[in-house]
Structures are given as structure tokens and as C-alpha cells.
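Structure first, commentary second.
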2 protein chains.
Amino acid sequence: MTTRTRRTERRQEPLSRERIVGAAVDLLDTVGESGLTFRALAERLETGPGAIYWHVTGKAELLAAATEAVVVPAVAADDTDRTPQEAIRTLALGVFDAFDAHPWVGAQFSRATWRPTLLRVFERIGRQVQALGVPEPAQFTAASALMNYIVGVAGQNAATTRAVAPGTNRADFLDATAHAWSALDPGEFAFARGVAGRLREHDDRTEFAAGVDLIVAGITGGT
Amino acid sequence: MTTRTRRTERRQEPLSRERIVGAAVDLLDTVGESGLTFRALAERLETGPGAIYWHVTGKAELLAAATEAVVVPAVAADDTDRTPQEAIRTLALGVFDAFDAHPWVGAQFSRATWRPTLLRVFERIGRQVQALGVPEPAQFTAASALMNYIVGVAGQNAATTRAVAPGTNRADFLDATAHAWSALDPGEFAFARGVAGRLREHDDRTEFAAGVDLIVAGITGGT
DNA sequence: ACCTGAACACCGTTCAAGT
DNA sequence: ACCTGAACACCGTTCAAGT
């Protein structure tokens, strides 16, 4: 859209919404939510905090843009040559993996800021629900149930990921959790104690996908 | 535990963890998340901000305690004379209603602070899964799927509630949303436009419960 | 049109000092 | 043991002044 001046080597690209959002995602990924500060952002962009406000209205919009930047590509798969079931599964896993890779997204999805992105997810799910042959009156409900499951559970999983200290490896974490559960009060937490051993062998992603399949099966009337 | 001096009318109860958490829940319910401030809390409790730190380690613990205060009673139903299916449904709706009445809880559930409360929910669900006769190896997975659905979807719903300006009535909000959806780009949002009319007649709580039943049916092997 | 950076009005948290 | 409240080190946001 704009002409780029390439005459001399620029010390620095001019500030732009795109660069700001990119730096924000970077900061969120590396330092976490508490790391996203207008001052820290300004430092990375080699400018003052005030400059950012020329391109972005405030922190809420910045978080919304960062969320959209991460979720929309994850959800934009090519669905030709796929059955609706496969397309839904792919989309669901795309959301799951995006939340897993950028756990801070999970905390955004309970804010108003998240709604435009959510609408895009809803649209894509809805189209596949149509393709499944769900009758029109039931389509809205079916798409809502699927979307809520996908976003809700992916968010829950991201919260777990976020709870783990960044350096920890996954097996160690599950071991520690299993150990902690085994030490719980036997009266109050009989069930959790009993299943603690299962923690190690279970895979959240696989179970998430199985849940999606279950709902799809329910929507299309069994089998 | 402690002796209460009742000799003279006290201007004010002594500070206690219980009073602090109660005031925090109150503040969260009435003013919202941004309203929970150590200064505002101190003012309500007629003391200084520093005093609160004697009873509570910091804001994270305060939010955890507020969350627990609101969720645990909602989940602590008496399950005698109930089928496991009914007990799960009641528990699920308890979580749903608690999130709906205190929408700020939905934002907490993606924090580490929420995990102890979550464990209690998991325990109660797990016991019902056992009562359903699910074989031991599958119990962990079944309880996880149910819990993630319940908490995830209730959280999603709370986010929607929170997005609505406090004064607005529900019908007006749905009308406005339906109207906005009808005005979307027909190419990009064909599905959302098409189902916009369904928004008015749909009931989140009923659909949430139907989703729970669907998962329970899936867990117990259909029907 | 776009950037600068000091200034404003807040935060959570700490801590010496009181009772 | 418990409370006080000033002080510290931060925030997001604004805005006069620059280019």
C-alpha cells in the first residue's frame, strides 16, 4: 500500500501497528503477561511509550490484536479434500496448539476483547456443521456447543501449561502432581488419590480430540 | 477458637481473613475486577492497606480465596437420593450459576490460583463417574472430560455475561447482537448471518446442560 | 503526520513505627 | 500479636512540545 524508501539503510523500520503487535506477541511469549508493558514495548521498538498510542488505542486493543494475530492463522486451514469431521478436528487441534504455544491467549478469552476473534472461530465451525448435514434449526446450537467445548477446554489446558514453571519438563511435572495427589487426605480426596497413577500416561491433546469427536457424533445423531 | 469480648459495643469487628475475603467478593461483585484494590478494600474495612497483609499474603491469594468462597459452596450439594446423572447435572449447573452470578470467577480459572478449587470439583465429579459404573481405567479420562467441559463452557458463558454492560437487560443484548450479526459481510460471515435469528430464542443454560448429558451418555457408552 | 518523554494518577507491596 | 500509613517502585495513559 505505501511506498518503501530503500535509499539508505534505515537504522530502524518506521513504527507500525504490525510491528507493535509483533513485538507484543514476542514479549507475551517470552516474558509472560506481566512482561507486556508499554515501557518494555517502547524499549524494544526503540521509542517512547507515547509513540505506541498513535497506532493503538490502548492496552486492551493491543491484547486483542495480539490474540487475533495468534489465533486467526491457526484456524485458517484449507478444508478442500477434507470431510467435515476432519475439518472440525483440524480446526479444534489448531486452537488447542495455538493456546498451548501461547498460553497467555487462554487468559484473554474471558475478556470482551476476544469476541471478534471468537466470531471467526464460530463462523468456521458453523460452516462445517452445515456440511455435516445438520438441519438448519439445530445448526446454531451444534456450532455453539462445539465452539464452547473447543475454546473452553483449550483454555483450561493452557491454564495448566501456564501453571507449570517455564523450565520444567512435562514428565517431571506430571510426576510431581501424581505424588502430590497421592499425599492428599484419603477421606476428602479419595477419588483423586485413586487415579493419581493415571496422570502419567494420559495425554491432554488426545483426550481433547476424543471429546470433539464425541460431540460431533452426538450432533449428527450417534455413531 | 478465640474468645470474643462482648463487653462493649465494638465500633468494628477485628480484622480477619474471613472478613477480608468477604469484602473482596463484595467488591468484585459490585465494582468488578478493576474495583478490587488494596486501598478500596482497606477503606471498606476501615483500616490501612498494610493491615490486610497480616492476614493474606498478597493479591493472588486474595483472589484464590474469593474464588474458593464462591465456588466451593456452589459445588457442595447433597447427593443422597440422586442418580449419578442427576448429581453431575446438579453440580454442573451449580458451577454454571456461580460463574454467572460472579462473572469475575471466569477470569480466575485460567490462573494457577484456581487449581486447589479445581481439585475439589474434580473430586466430586470423579465420585459420580465411579457411581456411574465406568471401569477404573477409564475413570480418569471421563472425569477430566466432564470437568473441562463444565468449567470451560461455564467460563465462556461468564465471559459473555461480563461483556454485557451491567445495566443492560438480556433480551436487548441478544437483539443488538442479532442485529450486528445480520450486518456482517455476507461473504466472510455467511454462517453467522444466517443463524443470527436463532440467537433470541436460545438459552445458554439449557444448552450447557444438554452438553453435559451428551458427554455423560458418551462416557457410559451411549444411551 | 508522527514521535518524544516528562508528568499524572494510579497500582501492589513493604516497613518502621506504633499499640 | 496486630495495626497504621507513609514511602517505594512500579503501572497505563496523556499531552505539550518537537520534527
Side-chain angles (χ1 to χ4, degrees), chain A residues 1-5 7-8 10-28 30-67 104 107-108 111-113, chain B residues 1-5 7-8 10-28 30-67 104 107-108 111-113:
Chain A
M1 292 265 186
T2 60
T3 331
R4 304 229 197 120
T5 1
R7 264 169 252 154
T8 52
R10 280 276 183 92
R11 193 54 172 282
Q12 192 190 322
E13 298 271 321
L15 215 50
S16 68
R17 209 185 126 92
E18 206 187 346
R19 272 189 73 218
I20 292 170
V21 173
V25 170
D26 226 57
L27 225 34
L28 287 162
T30 54
V31 202
E33 263 177 279
S34 63
L36 181 61
T37 294
F38 275 82
R39 283 174 236 275
L41 203 52
E43 202 182 350
R44 285 219 180 184
L45 298 165
E46 293 178 51
T47 182
I52 298 166
Y53 284 86
W54 186 262
H55 302 273
V56 154
T57 59
K59 196 166 188 182
E61 191 193 314
L62 190 56
L63 281 166
T67 303
W104 50 271
Q108 298 317 307
R111 302 191 186 184
T113 220
Chain B
M1 290 265 185
T2 59
T3 331
R4 304 229 197 119
T5 3
R7 263 169 252 156
T8 53
R10 279 276 181 94
R11 193 52 171 284
Q12 190 191 326
E13 298 270 320
L15 215 48
S16 69
R17 209 185 126 91
E18 207 187 346
R19 271 189 74 219
I20 292 170
V21 173
V25 169
D26 227 57
L27 225 33
L28 287 162
T30 53
V31 201
E33 264 177 279
S34 63
L36 181 61
T37 295
F38 276 82
R39 284 174 237 274
L41 203 52
E43 201 182 351
R44 285 219 178 184
L45 298 165
E46 292 177 55
T47 181
I52 297 166
Y53 284 86
W54 186 262
H55 302 272
V56 154
T57 59
K59 196 167 189 182
E61 190 193 314
L62 189 56
L63 280 167
T67 303
W104 50 270
Q108 298 317 306
R111 302 192 184 184
T113 219

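Naming convention: chains lettered A, B, ... in sequence-line order (proteins, then strands); numbering from 1 in each chain.
Between A:Glu61 and A:Arg17, at least one side-chain N (NZ, or NE/NH1/NH2) sits under 4.0 Å from a carboxylate O, which counts as a salt bridge.
For A:Tyr53, taking side-chain heavy atoms from C-beta onward, the closest of the listed nucleotides C:dC3, C:dC11, D:dT13 is D:dT13. The listed nucleotides are C:dA7, C:dG5, C:dG12; the one nearest the side chain of A:Arg39 is C:dA7. The side chain of A:Thr37 approaches D:dG12 more closely than any other nucleotide in the set D:dG12, C:dC11, D:dC3. Distance from the side chain of B:His55 is smallest to D:dC3 among C:dG12, D:dC3, D:dT13. For A:Lys59, the listed nucleotide lying nearest its side chain is D:dG12; candidates were C:dC11, C:dC3, D:dG12.
Looking only at side-chain heavy atoms (C-beta outward), B:Leu27 and B:Thr37 stay at 4.5 Å or farther from each other. Looking only at side-chain heavy atoms (C-beta outward), B:Thr67 and B:Trp104 come within less than 4.5 Å of each other. The shortest side-chain heavy-atom distance between A:Leu63 and A:Leu36 falls under the 4.5 Å cut-off.
Considering only side-chain N and O atoms, B:Trp54 lies under 4.0 angstrom from the phosphate OP1 or OP2 of D:dC2.
Judged by Watson-Crick or G-U wobble contacts below 3.5 Å, the nucleotide D:dC11 has no partner. A 3.5 Å limit on both hydrogen-bonding distances identifies C:dT4 as the Watson-Crick or G-U partner of D:dA16.
Look at CZ on B:Phe38: it is 15 Å from C1' on C:dC15, rounded to the nearest Å. Rounded to whole angstrom, the span from the CD atom of B:Glu43 across to the P atom of D:dG5 amounts to 12 Å. What separates CG of B:Leu27 from P of C:dC11 is a distance of 11 Å, to the nearest Å. Atom CG in B:Leu15 sits roughly 5 Å away from atom P in D:dC3 (whole-Å rounding). Taking atom CG of residue A:Leu63 and atom C1' of nucleotide D:dT13, one finds them 15 Å apart after rounding to whole Å. One can place CG of A:Leu41 at 10 Å from P of D:dG12, the figure rounded to the nearest angstrom. The CZ atom of B:Arg17 sits 15 Å away from the P atom of D:dC3 (whole-angstrom rounding).
Residue contacts for A:Leu62: at a heavy-atom cut-off of 4.0 Å it reaches no nucleic acid atom on any strand shown. B:Ile52 comes within 4.0 angstrom of nothing in the nucleic acid, heavy atoms only.
Nearest heavy atom pair, residue B:Ala42 against residue B:Gly48, reads CB-C, 3.5 Å.
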